[in-house]
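Read through the structure below, which is laid out as structure tokens, and then see the notes.
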Amino acid sequence: HVGNGSWKPGDSIAPGNWGKQTRQFGKGDGFLGYGDINNAKIVGWEVALEVARQLTAPDAPSRLNCVFCTEDLASAKAFRDRFANGASIYEVEVEDTVSMHAGNYEALTDVPQGPSVDTNVATAKSYWTDAPTGIREILVGGTVKVSKKIE
């Protein structure tokens with residue numbers, strides 16, 4: 001897990017932090033309430049991804065109520081270096097009974113050129129249905145326990 005928390009071994013990381021942050025954008029003020037265009041883009045992506053999840057993979061954890069993880073240290077470092085400069089990397093344990101989904105994170109960050117709406121809809125669907133390439137974003141549908149801080 002890559003994050004800005006100051007977790008120690010044995011601490012638990014609960015799902016839903018990204019969803020909580022994302023839901024704060026706009027606060028019912030319409031498009032202008034998003035503060036800047038990047039916040040509006042984030043909300044647009046997450047809406048498309050959540051609708052696609054509900055229609056194509058309803059048993060997968062929602063990006064709005066999960067803990068984001070990677071499969072290995074190299075992927076965690078690549079994610080941190082590109083998107084979360086200064087964040088720490090933690091090794092975490094996941095219970096066997098917790099639902100998980102491996103999505104293609106690079107599909108969301110390196111979107112192909114084309115009409116935005118059509119491209120985003122197709123990409124949102126493929127995130128849930130196609131085998132990931134590049135960084136595999138592991139959505140964990142429950143609390144994870146910190147084993148150790150790696151970096």
Side-chain angles (χ1 to χ4, degrees), residues 1-27 33-112 119-151:
H1 176 76
V2 177
N4 289 320
S6 55
W7 297 290
K8 301 177 296 301
D11 287 350
S12 294
I13 302 173
N17 187 52
W18 175 245
K20 180 179 163 187
Q21 291 175 23
T22 302
R23 287 180 173 101
Q24 294 302 308
F25 296 139
K27 297 181 185 172
Y34 287 102
D36 67 37
I37 194 69
N38 288 326
N39 292 346
K41 287 179 184 178
I42 289 168
V43 170
W45 261 122
E46 294 302 337
V47 167
L49 287 160
E50 183 60 14
V51 169
R53 182 192 70 80
Q54 290 181 19
L55 294 173
T56 63
D59 294 332
S62 169
R63 288 173 49 86
L64 300 173
N65 193 29
C66 73
V67 177
F68 293 93
C69 296
T70 61
E71 289 181 312
D72 55 48
L73 182 56
S75 295
K77 286 181 179 182
F79 174 84
R80 181 204 52 203
D81 294 348
R82 185 170 175 194
F83 302 106
N85 192 19
S88 297
I89 298 174
Y90 297 90
E91 180 179 290
V92 297
E93 298 173 13
V94 179
E95 292 182 24
D96 291 339
T97 59
V98 172
S99 65
M100 293 189 287
H101 174 77
N104 185 359
Y105 187 71
E106 290 182 6
L108 305 181
T109 59
D110 299 326
V111 179
T119 302
N120 290 359
V121 168
T123 300
K125 180 181 174 201
S126 74
Y127 178 87
W128 300 103
T129 59
D130 296 348
T133 59
I135 295 176
R136 293 169 50 95
E137 176 176 69
I138 309 300
L139 310 182
V140 179
T143 300
V144 300
K145 186 170 280 196
V146 175
S147 302
K148 65 181 174 181
K149 181 177 180 179
I150 296 177
E151 293 185 6

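Across V140, V144, L139, a single residue satisfies side chain to side chain contact (heavy atoms under 4.5 Å, CB included) together with C66, and that is L139.
Taken from CZ in R82 to CD1 in I135, the straight-line distance is 7.0 Å, to the nearest 0.5 Å. Atoms OG1 and CZ, from T22 and R63 in turn, are 8.0 Å apart once rounded to the nearest 0.5 Å. Considering OG1 of T123 and CG of D130, their distance stands at 9.5 Å, rounded to 0.5 Å. Residue C69 holds its SG atom at 11.0 Å from CZ of F79, rounded to the nearest 0.5 Å. How far CG of L64 is from CZ of R53: 8.5 Å, rounded to the nearest 0.5 Å.
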Side chains of residues 4-20: which donor-acceptor pairs under 3.5 Å do they make with residues two or more places apart or in other chains?
residue, atom, partner, partner atom, Å
D11, OD2, K8, N, 2.7
W18, NE1, E46, OE2, 3.0

Return a table of donor-acceptor pairs under 3.5 angstrom between the side chains of residues 93-103 and protein atoms on other chains or two or more places apart.
residue, atom, partner, partner atom, Å
E93, OE2, S147, OG, 3.0
H101, NE2, Y127, O, 3.2

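The minimum heavy-atom distance between W128 and A60, with the atom names listed, is CZ3-CB, 3.8 Å. What you find for G3 and A87 is that their closest heavy atoms are O-CB, 3.6 Å.
For residues 64-78, the side-chain hydrogen bond (donor to acceptor under 3.5 Å, both in side chains) pairs, not counting sequence neighbours, are E71-R136, D72-S75, K77-E151.
Checked against the 6.0 Å centroid criterion, the rings of F68 and Y105 do not qualify as a close aromatic pair.
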